[in-house]
Amino acid sequence: MLNTILVGVMFTIGLALVLNFWVLIRGPEMADRLLALDTMYINSIAMLLTYGVYTASNLHFEAALLIAMLGFVSTVAVCKYMLRGDIIE
């Protein structure tokens with residue numbers, strides 16, 4: 001029963017990833033694209049965590065933590081670039 005629910009959750013998160021990619025491609029402004037990319041990071045973390053529960057593996061949790069850290073740093077860097085025009089002062 002739990003495996004069926006986890007497969008349905010992974011399918012829903014995959015659909016959300018596809019829709020976020022669509023917004024990333026056709027977003028009218030840079031801020032919309034940045035928000036779609038940040039949401040894709042969150043959805044990929046959720047997908048990895050769900051798959052980790054599905055397979056009962058601890059490795060996926062560590063990968064999700066690594067993606068979360070990289071997603072935060074890259075979002076901050078792109079926001080700084082959008083505001084100032086350069087990343088390193």
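Values in this document were obtained by computation on a predicted structure and should not be read as measured data.
Separation of atoms OH (Tyr51) and CG (Leu59) is listed at 10.5 Å; rounding is to 0.5 Å. Considering CG of Asn20 and CG of Leu35, their distance stands at 8.5 Å, rounded to 0.5 Å. Between the OG1 atom of Thr4 and the CE atom of Met1 there is a distance of 7.0 Å, given to the nearest 0.5 Å.
Among all heavy-atom pairs drawn from Leu48 and His60, the shortest one is O-CB, 3.6 Å. Looking at every heavy atom in both residues, Arg33 comes nearest to Val23 through CG-O, 4.4 Å. Contact record, Met82 with Met30: SD-CG, 3.7 Å, taken as the closest heavy-atom pair. The two atoms that bring Ile67 and Tyr41 nearest to each other are CG2-CD2, 4.1 Å, heavy atoms only. Nearest heavy atoms, Ala64 versus Ile45: O-CG1, 3.8 Å. Nearest heavy atoms, Leu34 versus Cys79: CD2-SG, 3.3 Å.
By the criterion of side-chain heavy atoms lying less than 4.5 angstrom apart, applied directly or through intervening Ile, Leu, Val, Met, Phe, Trp or Tyr residues, Ile42 is not grouped with Met69; the two fall into different hydrophobic clusters. Taking hydrophobic clusters as Ile, Leu, Val, Met, Phe, Trp and Tyr residues chained together by side-chain heavy-atom distances below 4.5 Å, Leu19 does not share a cluster with Leu37. In the hydrophobic cluster analysis, where Ile, Leu, Val, Met, Phe, Trp and Tyr join through side-chain heavy atoms closer than 4.5 angstrom, Met10 is grouped together with Leu2. With hydrophobic clusters built from ILVMFWY side chains whose heavy atoms lie under 4.5 angstrom apart, Ile25 does not share a cluster with Val78. In the hydrophobic clustering of this structure, Leu6 groups with Leu17; members are Ile, Leu, Val, Met, Phe, Trp, Tyr whose side-chain heavy atoms approach within less than 4.5 Å, directly or through other members.
Between Val7 and Asn3 the shortest side-chain heavy-atom distance does not fall below 4.5 Å. Looking only at side-chain heavy atoms (C-beta outward), Tyr54 and Ile5 stay at 4.5 Å or farther from each other.
The number of heavy atoms from other shown groups lying within 6.0 Å of CZ (Phe21) does not exceed 12.
A donor atom on one side chain and an acceptor atom on the other are found under 3.5 Å apart for Thr75 and Asp38.
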